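What follows is a single structure, written as structure tokens, with notes after it.
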Amino acid sequence: MPSRRWVCLLLALGALSTSFAAEKIRVHFISGSKEYRSEESLKAFIPWLETNYHMTATVSWGRDGVQELDGLEAIKQADVLFVFARRMKLKEPQMKLIRAHWEAGKAVIGVRTASHAFQQADNEMFDRQVMGGNYQGHFGNELVKVRHLAEHPVLRNVGAITSSRLYKAGPLAKTATALQQGDIGKAQHAVTWVNTWKGGRTFYTSLGVPQDFEDADFKRLLVNAIFWTAKWKTPTVKR
């Protein structure tokens, strides 16, 4: 029979293994973009994400112009903040919670209207510094062909994406790396890039119209971005 010491060691290793297996990336979503139907898209995307990948999600559901979000305290435990919101007017205590996440060097994902998710002063910080962008409005409803600009873990196993309504991106921050460009024929602009802020990784894409969330390659892009910003190994492809 094994000695008591070996039994204790095996039990300890088993507990440690279980602990690692149970660990998940904790993502807090802020939704509030009526024009691009963020709630509809995320209510399909989040369950798919939790079912297929080692993640757990909390969500604050909102809308354009909202002054207060429910469930925002969960951001304190989040590894990744995922923002898909438009022109919210959150009160200072809630903005303080949000700023504390990125000022602590924690991971941030921004989708589509995240470049102007909050009131103007906070957008200047979030868009241009945290995410390294430079939102300048958008074109019409033209077809957007997306091509890769660089090799990067965020683009691993991501195929061709076709979207619509190209955003105009001004010069990116010097710390940002453009990963994808959108082309409507008459104009080309960066649509996806990564940046670092306070030692944390950030990711932004101006893609994210409703049909994008039905595209396996777009969803793969977001999955990769979550894992990369959280500093986890990029996972196996699941569609």
Side-chain angles (χ1 to χ4, degrees), residues 25-33 35-36 38 60 62 64-67 69 72 74-138 149-150 152-155 166-182 188-208 221-222 224-232:
I25 301 175
R26 298 164 295 183
V27 186
H28 186 76
F29 290 79
I30 295 179
S31 168
S33 182
E35 181 179 6
Y36 294 105
S38 65
S60 292
D64 305 46
V66 73
Q67 296 185 23
L69 291 169
L72 198 60
I75 198 174
K76 293 179 179 178
Q77 285 75 48
D79 303 304
V80 180
L81 171 63
F82 188 116
V83 180
F84 188 3
R86 180 180 180 275
R87 303 197 190 284
M88 292 182 165
K89 298 178 180 178
L90 300 177
K91 296 177 181 178
E92 178 57 23
Q94 292 212 322
M95 279 308 309
K96 188 175 180 180
L97 270 178
I98 294 169
R99 290 188 211 107
H101 178 93
W102 68 61
E103 290 300 314
K106 298 173 78 175
V108 178
I109 303 285
V111 170
R112 195 66 181 174
T113 52
S115 56
H116 45 291
F118 311 113
Q119 44 270 37
Q120 186 174 349
D122 284 299
N123 289 339
E124 287 289 318
M125 167 63 73
F126 189 54
D127 176 28
R128 301 201 177 194
Q129 297 189 50
V130 177
M131 293 189 296
N134 192 346
Y135 172 68
Q136 299 290 324
H138 60 74
L149 296 175
H152 194 277
V154 166
L155 298 177
L166 178 66
Y167 268 16
K168 301 175 183 177
L172 303 182
K174 292 180 180 179
T175 53
T177 301
L179 300 184
Q180 290 180 311
Q181 182 180 75
Q188 301 83 37
H189 284 265
V191 294
T192 303
W193 54 85
V194 292
N195 193 37
T196 56
W197 180 256
K198 303 288 187 179
R201 293 176 175 179
T202 71
F203 164 93
Y204 172 78
T205 183
S206 62
L207 305 176
L221 177 72
L222 295 183
N224 285 350
I226 293 170
F227 275 81
W228 181 79
T229 57
K231 300 180 180 178
W232 281 44

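Worth knowing before you read on, the calculation uses all heavy atoms, side chains too, and leaves out hydrogens, waters and symmetry mates. All of these numbers come straight from a predicted model, not from anything done at the bench. Count residues from 1 along the sequence.
Checking side-chain atoms of N134 against main-chain N and O of A169 turns up no donor-acceptor pair under 3.5 Å. With hydrogens and angles disregarded, a donor-acceptor distance shorter than 3.5 Å links the side chain of W193 to the backbone of M131. Between the K106 side chain and the A78 main chain, a donor and an acceptor come within less than 3.5 Å of each other. Judged by distance alone, the side chain of S38 and the main-chain N or O of S33 form a donor-acceptor pair under 3.5 Å. Within the 3.5 Å criterion, the main-chain N or O of L69 finds a donor-acceptor partner in the side chain of Q94. In terms of modelled atom types and a separation under 3.5 Å, the side chain of T113 and the main chain of A85 share a donor-acceptor contact. Although no hydrogens or angles enter the test, the distance criterion places no donor-acceptor pair under 3.5 Å between the side chain of T205 and the main chain of V111. Checked by atom type and distance alone, the side chain of D79 never pairs as donor or acceptor with a backbone atom of A107 at under 3.5 Å.
The distance from atom CG of L155 to atom CG of L179, rounded to the nearest 0.5 Å, is 5.0 Å. Here Q67 contributes atom CD and K89 contributes atom NZ; the two are 8.0 Å apart, rounded to the nearest 0.5 Å. The NE2 atom of H101 sits 14.0 Å away from atom NZ of K198, with the distance rounded to the nearest 0.5 Å. For the atom pair F126 CZ and M95 CE, the distance stands at 8.5 Å (nearest 0.5 Å). Note that the CG atom of N195 and the CD atom of Q129 stand 10.0 Å from one another [nearest 0.5 Å]. A distance of 6.5 Å separates CE of M88 from CD1 of I30, quoted to the nearest 0.5 Å.
Judged purely by distance below 3.5 Å, without hydrogens or angles, the side chains of S115 and D127 never pair a donor atom with an acceptor atom.
Between Y135 and H116, the two ring planes are parallel [angle under 30°; tilted spans 30° to 60°].
A salt bridge links D64 with R86: at least one charged nitrogen is closer than 4.0 Å to a carboxylate oxygen. Contact check on E92 versus R99 returns a salt bridge, with a Lys/Arg side-chain nitrogen under 4.0 Å from an Asp/Glu carboxylate oxygen.
The two atoms that bring A74 and H28 nearest to each other are CB-ND1, 3.8 Å, heavy atoms only. Minimum heavy-atom separation, F118 to V83: CZ-CG1, 4.3 Å. Of all heavy-atom pairs spanning A190 and L172, the tightest one is CB-CD1, 4.4 Å.
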| request: Just do the side-chain contact (heavy atoms from CB on, under 4.5 Å) check on T202 and T229 with the steps written out, would you? | output: CA-CA 6 Å; T202 71; T229 57; 5.7 Å; no

| said: Please evaluate residues L221 and F203 with respect to the criterion side-chain contact (heavy atoms from CB on, under 4.5 Å), reporting the C-alpha separation (whole Å), side-chain torsions for both, the decisive distance (0.1 Å), and the verdict. | reply: CA-CA 10 Å; L221 177 72; F203 164 93; 4.0 Å; yes

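Enclosure of atom NZ in K96 is not indicated, since only 12 or fewer non-hydrogen atoms of other residues, nucleotides or ligands lie within 6.0 angstrom. For Q120, the CD atom counts as loosely surrounded, since its 6.0 Å shell holds 12 or fewer non-hydrogen atoms of other residues, nucleotides or ligands.
By the 4.5 Å heavy-atom criterion applied to side chains, V194 and W228 are counted as neighbours.
By the 6.0 Å and 45° rule, R112 stacks over the aromatic ring of Y167.
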